[in-house]
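All remarks here apply to the structure that follows.
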Amino acid sequence: MAGLELLSDQGYRVDGRRAGELRKIQARMGVFAQADGSAYIEQGNTKALAVVYGPHEIRGSRARALPDRALVNCQYSSATFSTGERKRRPHGDRKSCEMGLQLRQTFEAAILTQLHPRSQIDIYVQVLQADGGTYAACVNAATLAVLDAGIPMRDFVCACSAGFVDGTALADLSHVEEAAGGPQLALALLPASGQIALLEMDARLHEDHLEQVLEAAAQAAQDVHILLDRVVRQHIWPSPDYPLLQSGPWGCFSPNIPRVSWHRQGWYAPHFMLRTPQLQ
Amino acid sequence: MASVALSEAEKVYIMHGVQEDLRVDGRGCEDYRCVEVETDVVSNTSGSARVKLGHTDILVGVKAEMGMPKLEKPNEGYLEFFVDCSANATPEFEGRGGDDLGTEIANTLYRIFNNKSSVDLKTLCISAREHCWVLYVDVLLLECDGNLFDAISIAVKAALFNTRIPRVRVLEDEEGSKDIELSDDPYDCIRLSVENVPCIVTLCKIGYRHVVDATLQEEACSLASLLVSVTSKGVVTCLRKVGKGSLDPESIFEMMETSKRVGKVLHASLQSILHKEESLGPRRQKVGFLG
């Protein structure tokens, strides 16, 4: 589109943000009472809802049950009124199926599925308004929903998108920036260890620039993690002095973790130690 | 429909309570649960509304697009309904599981709006036989706790009240080709009059009495229900019996009288709350799903 600069000379983007700045994120856990876990997130104008049912018995054919771990089942659906032009079918098309598979891959890396053999965990994500970064918003909402359901996870899963314009890497793309056709990177990260759960890149990008874009996305995902961590703590202890409780990760992981580790450490405070590094 | 497994003892308990005009949550037979309504929840639609009736959660988005009028009604626009029973409500609705219920609800909505007085479709016409506004009303079912039809019809009415359609003008050239021009002012729009939009009142027969606004547990005890679509003046636009049981004719007339009575009160309070919300103006703090 002639005349539409994605990055101005002073370094401002179309919506006034800087290159590495995220959009405003607001989130809430426990939105629905009937589901096992639910969460809602708003990233700028992108709004996503995630609902988790499980772990429960395998629905449908018992033959799909895995003997040593749980089955993770994801569905991605976007409302017909979510995009600028009305969508005809909310789910069932190729893009939604692909997103469902990507979400499944992401969460199989993070959920401790060995603790629930022969069972199924359902994660349903609904996009209410799509303004760019839908995959990232879905992953962030689904993380909060899985935590709300009390399902044990290795770590948070935080996601963000990134692009590259005029030699600068941009973090958290909006719809206008995505539609411009430049390279887009979607990254899902486990923040404490820095491990990547999912990495996807579209369009052409020179390999010299890849590190810069990856760095921008990883930094943005770490920033998202700080926000999500605060949301979880506020949900569990809605008190003004929650920053004092930063030393314990026990708010973030499920109490289903067996107390065997507690006795081994000899601690009497309800502080669960996992085999993964602690959160900062 | 999402259902809950109820034991015989619980069913008997609910039925005995209903005979005495006392339901499990303390309501009478003709009382609704508290309804929360909020409009303008999704910003890239022409109008939207969210309704929470107990634990039943419905989100409706209305999008106005330009299309060709139907052949038999060249001077009018039209409404298209689509209901998505999402997997959020219950895992049984995953994939195509929710399609049956969705089609049933959409067909009911088409029937209740299928008369001249519900919505003035002539305001939706831009130029006869060529251009008209088509309103796509999309209903998203997020959580199900009984009484879906009532909640959906309330949400549709609130969303239509909130709909703002941009005003357009048709310019004609010397050659006769027409051009559509959008008005410059973004706040210049047409609003629909929802005075005659009907709402559905569902009456479930439990034992010898009927209840309004049944929860999921009460629906599991009832064998037959009557859906009555009532306007604010008490005019009935559609009547339908659902369920696998049977109803005798006297009870149908009784249920219709109840629905007219209850429907008038429902419309009055809905109108007052919608006007009150609108009077708060653009400075109103939007809550959406965050509150």
Side-chain angles (χ1 to χ4, degrees), chain A residues 26-36 38-42 44-54 56-57 59-60 73-92 96-97 100 120-131 141 145 175 231, chain B residues 2 4 41-50 52 54-57 59-67 80-99 102 134-146 159 163 215-216 286-291:
Chain A
Q26 291 174 288
R28 184 167 161 240
M29 292 166 68
V31 180
F32 298 128
Q34 287 188 336
D36 291 330
S38 56
Y40 171 75
I41 196 166
E42 272 186 29
N45 278 334
T46 300
K47 298 179 178 152
L49 261 178
V51 164
V52 170
Y53 285 96
H56 57 77
E57 212 180 325
R59 266 195 350 269
N73 173 37
C74 296
Q75 181 180 270
Y76 169 90
S77 160
S78 64
T80 46
F81 46 76
S82 60
T83 48
E85 269 219 14
R86 184 177 175 259
K87 263 186 78 162
R88 306 224 39 211
R89 273 210 68 83
H91 51 259
S96 306
C97 290
Q120 182 176 348
I121 298 173
D122 292 314
I123 303 177
Y124 300 124
V125 181
Q126 184 88 24
V127 173
L128 301 178
Q129 201 173 318
D131 186 31
H175 178 70
V231 168
Chain B
V4 66
V41 180
V42 179
S43 42
N44 63 354
T45 51
S46 308
S48 60
R50 181 187 175 211
K52 248 179 101 72
H55 283 308
T56 300
D57 209 326
L59 180 61
V60 173
V62 179
K63 269 186 158 343
E65 287 184 10
M66 279 214 255
E80 292 275 347
F81 294 97
F82 176 72
V83 178
D84 177 22
C85 295
S86 71
N88 285 25
T90 158
E92 288 149 16
F93 289 161
E94 190 187 341
R96 304 197 84 102
D99 281 359
V134 182
L135 291 183
Y136 289 100
V137 181
D138 297 313
V139 178
L140 180 59
L141 172 63
L142 292 169
E143 215 185 348
C144 177
D145 189 29
T163 306
T215 60
L216 215 53
K286 302 219 171 134
V287 174
F289 289 89
L290 289 169

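Letters A, B, ... mirror the listed sequences (proteins, then strands); counts begin at 1.
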Inset, instruction - Would you please name every residue forming a side-chain hydrogen bond (donor to acceptor under 3.5 Å, both in side chains) with A:Arg89, sequence neighbours left out? - result: none
Inset, instruction - Using non-hydrogen atoms and a 4.5 Å limit, figure out which bit of A:Ser82 sits close to chain B: side chain, backbone, both or neither. - result: backbone
Inset, instruction - Would you please name every residue forming a ring-ring contact (aromatic ring centres under 6.0 Å, His included) with A:Tyr124, sequence neighbours left out? - result: none
Inset, instruction - Could you look at B:Ser43 and say if it's the side chain, the backbone, both or neither that has a heavy atom under 4.5 Å from chain A? - result: both
Legend entry - Contact winner vs chain B - A:Asn73, A:Val125, A:Val31, heavy-atom pairs under 4.5 Å: A:Asn73
Legend entry - Non-hydrogen side-chain atoms of B:Asn44 and A:Gln129 separated by less than 4.5 Å: yes
Legend entry - Student check: side-chain heavy atoms of B:Phe82 and A:Arg86 closer than 4.5 Å: yes
Inset, instruction - Give the member of B:Asp138, B:Val42, B:Val41 that has the highest number of heavy-atom pairs under 4.5 Å with chain A. - result: B:Asp138
Legend entry - Shortest non-hydrogen separation from B:Gly95 to A:Gln75 and the atoms involved: N-OE1, 2.9 Å
Inset, instruction - Go through A:Gly84, A:Ala130, A:Ser77 and name the one with the most non-hydrogen pairs under 4.5 angstrom from chain B. - result: A:Gly84
Inset, instruction - Please flag which part of A:Thr83 lies under 4.5 Å from any non-hydrogen atom of chain B: side chain, backbone, both or neither. - result: backbone
Inset, instruction - Return yes if some donor-acceptor pair links the side-chain N/O of A:Gln26 with the main-chain N/O of B:Leu290 below 3.5 Å, else return no. - result: no
Legend entry - Residue pair A:Thr80 / B:Asp84, side-chain heavy-atom distance below 4.5 Å: no
Inset, instruction - First locate atom CZ of A:Phe81, then atom CG of B:Leu140, and finally report the distance between them rounded to the nearest 0.5 Å. - result: 5.0 Å
Inset, instruction - Just give me the residue among A:Val52, A:Leu128, A:Asp122 that pairs up with chain B most often, heavy atom to heavy atom, under 4.5 Å. - result: A:Leu128
Legend entry - Max heavy-atom pair count under 4.5 Å with chain B, selected residue of A:Ala33, A:Ala27, A:Ala50: A:Ala33
Legend entry - Closest approach of B:Ala89 to A:Tyr53 (non-hydrogen atoms, all atoms of both residues): O-OH, 2.9 Å
Inset, instruction - To the nearest 0.5 angstrom, please state how far the NZ atom of A:Lys87 sits from the NZ atom of B:Lys63. - result: 12.0 Å
Inset, instruction - Name the orientation class of the two ring planes belonging to A:Phe32 and B:Phe289 (parallel below 30°, tilted from 30 to 60°, perpendicular beyond 60°). - result: perpendicular
